[in-house]
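Notes follow once the structure below has been shown.
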Amino acid sequence: MDLGRKRKDFRGDGGAQEMERCKVALVQMDSQADRERNMRDVEAAVAEAAACGAGFVMFPETVEYIGEDFMGNASEIPGPLSGRFGRLAREYGIWLHAGSVTERRGEKPCNLTMVFAPDGRLAAGYRKVHLFDVEVEDGPSYRESDEIAPGNRLVLTDTGMGRMGLSICYDLRFPQMYRLYADRGAEILAVAANFTDATGAAHWEPLLRARAIENTCYVLACGQCGVKPAFRAHGHSMIVDPWGRILAEAGEEPEILYAELEPEVLENARRQVPCLRNQRGDLYALEAKAERIFGNSPVPMSLR
């Protein structure tokens with residue numbers, strides 16, 4: 001991958017000239033309340049994925065801690081936790097999507113995704129904007145907003161393999177967000193998740209495939225598995241191509257998924273069904289009130 005290339009402005013023509021072939025790895029985990037054990041699992045998985053030739057490694061939501069005290073286990077960013085992820089990216093020379101972590105910030109922490117470049121720098125940060133406040137029959141009643149503060153902007157980042165739109169778990173149910181990403185040149189949609197098994201069994205796969213098909217993008221969806229304090233996580237991490245084909249899918253235990261992202265596949269899908277180009281801007285339009293696109297320059301670690 002040519003990490004020094006310059007990104008051209010997206011013209012909405014469905015072209016995939018800027019995307020580059022890359023082997024990706026999604027690490028499905030069963031994170032629990034032991035932070036150090038979770039991070040040792042992260043380090044072992046990065047080493048394994050890099051040895052298998054992955055140039056991009058992704059983790060699930062709240063990768064470093066899932067327990068009953070998110071506030072007490074939130075991390076200062078920048079700090080030791082972000083530094084640890086950055087060193088991993090630099091040591092193995094990979095793009096590293098750190099899933100999400102609980103970031104200490106203000107009165108309530110945030111649910112923060114960080115993406116690190118192969119030189120170890122923080123390439124992008126995204127705070128979850130849609131919080132999981134639900135009551136599911138025969139399932140969980142959960143209010144994420146009781147513990148977590150929402151983010152306030154959408155985020156895309158240019159990686160060594162293409163432009164990526166960032167999202168976390170419940171965001172998946174808001175298709176407007178992903179169409180805005182596609183309209184701004186995203187070729188890859190990343191979803192770090194801790195989906196409940198009660199909702200995931202019915203909705204996880206169809207939502208992921210829909211986001212891939214309607215936006216003709218690759219979808220990388222990396223999830224938690226196992227029994228958590230609030231619910232059982234669904235697992236079934238998935239890599240979906242722009243035609244809606246599932247390239248790889250995990251089960252209900254920790255494992256690493258691999259797939260090749262191919263620019264020709266994206267280009268072919270957009271040529272056959274150019275739904276991005278065929279939108280009727282004279283009849284309707286989506287507007288992002290707050291967004292940021294991170295390029296190749298270093299990101300201030302405050303992420304403000």
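Sequence positions, counted from 1, serve as the residue numbers for this chain. Quick caveat, the model's predicted, so the values are computed rather than measured.
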Determine whether a donor-acceptor pair (N or O, by modelled atom type, separation under 3.5 Å) exists between the side chain of [X] and the backbone of [Y].
X: Q224; Y: N194; value: no
X: Q32; Y: V227; value: yes
X: D133; Y: S145; value: yes
X: W204; Y: H236; value: yes
X: N38; Y: D34; value: yes
X: Q28; Y: G251; value: yes
X: D197; Y: A233; value: no
X: H234; Y: T196; value: no
X: Y181; Y: V155; value: yes
X: S31; Y: Y65; value: no

* **Partner of S100 by side-chain hydrogen bond (donor to acceptor under 3.5 Å, both in side chains), out of N111, T113, T62** => N111

* **Step-by-step salt bridge (Lys or Arg N to Asp or Glu O under 4.0 Å) determination, K128 to E147** => CA-CA 13 Å; K128 185 178 183 181; E147 299 179 289; over 6 Å; no

Is any NZ, NE, NH1 or NH2 atom of the basic residue among [X] and [Y] found under 4.0 Å from an Asp or Glu carboxylate oxygen of the other?
X: E249; Y: R209; answer: no
X: D158; Y: R163; answer: yes
X: E267; Y: R270; answer: no
X: K108; Y: D146; answer: no

Look up atom [atom1] in [X] and atom [atom2] in [Y], then write down how far apart they are to the nearest 0.5 Å.
X: R153; Y: L166; atom1: CZ; atom2: CG; answer: 11.0 Å
X: C275; Y: N215; atom1: SG; atom2: CG; answer: 7.0 Å
X: H130; Y: E144; atom1: NE2; atom2: CD; answer: 12.0 Å
X: R104; Y: I77; atom1: CZ; atom2: CD1; answer: 10.5 Å
X: L154; Y: R127; atom1: CG; atom2: CZ; answer: 13.5 Å
X: C22; Y: I188; atom1: SG; atom2: CD1; answer: 8.0 Å

Contact between [X] and [Y] at the side-chain level, heavy atoms closer than 4.5 Å - yes or no?
X: D171; Y: V129; result: yes
X: I66; Y: P229; result: yes
X: E205; Y: I246; result: yes
X: R21; Y: P263; result: yes
X: M58; Y: V24; result: no
X: V265; Y: P242; result: yes
X: Y218; Y: M164; result: no
X: N73; Y: E64; result: no

* Stepwise side-chain contact (heavy atoms from CB on, under 4.5 Å) check, Y126 with R292 -> CA-CA 9 Å; Y126 162 75; R292 186 165 182 183; over 6 Å; no

* Structure fact -> Result for side-chain contact (heavy atoms from CB on, under 4.5 Å) between F195 and one of P60, C225, C169 points to C169

* Asked: What residue among V42, I94, L88 forms side-chain contact (heavy atoms from CB on, under 4.5 Å) with V57?
  -> I94

[X] with [Y], same ILVMFWY side-chain cluster at under 4.5 Å:
X: L261; Y: W243; value: no
X: L207; Y: L180; value: yes
X: V46; Y: L81; value: yes
X: V273; Y: M19; value: no
X: M177; Y: I213; value: no

Which atom pair, heavy atoms only, marks the closest approach of [X] to [Y]?
X: A123; Y: W95; result: CB-CZ3, 3.6 Å
X: S75; Y: R35; result: OG-NH2, 3.1 Å
X: A45; Y: V27; result: CB-CG1, 3.6 Å
X: F59; Y: A98; result: CB-C, 4.1 Å
X: A74; Y: P109; result: CB-CB, 4.0 Å
X: G223; Y: S237; result: N-OG, 2.8 Å

* To do: For S167 and R211, test the side chains for any donor-to-acceptor distance below 3.5 angstrom and give the result as yes or no.
  => no

* Asked: Step by step, would you call H97 with C222 a side-chain contact (heavy atoms from CB on, under 4.5 Å)?
  -> CA-CA 10 Å; H97 184 305; C222 188; over 6 Å; no

* Neighbour count >12 (heavy atoms, 6.0 Å) for atom CD, E68 -> no

* **Close aromatic pair by centroid cut-off 6.0 Å: F174 and Y170** => yes

* To do: Starting from the C-alpha separation in whole Å, work towards a yes-or-no answer on side-chain contact (heavy atoms from CB on, under 4.5 Å) for L122 and F85.
  => CA-CA 9 Å; L122 180 61; F85 279 111; over 6 Å; no

* To do: Mind checking salt bridge (charged side-chain N to carboxylate O under 4.0 Å, His left out) for R232 and listing every partner two or more places apart, or none if nothing turns up?
  => none

* Asked: Does the side-chain contact (heavy atoms from CB on, under 4.5 Å) test come out yes or no for T199 and R173, once each step is laid out?
  -> CA-CA 11 Å; T199 57; R173 296 181 182 273; 3.6 Å; yes

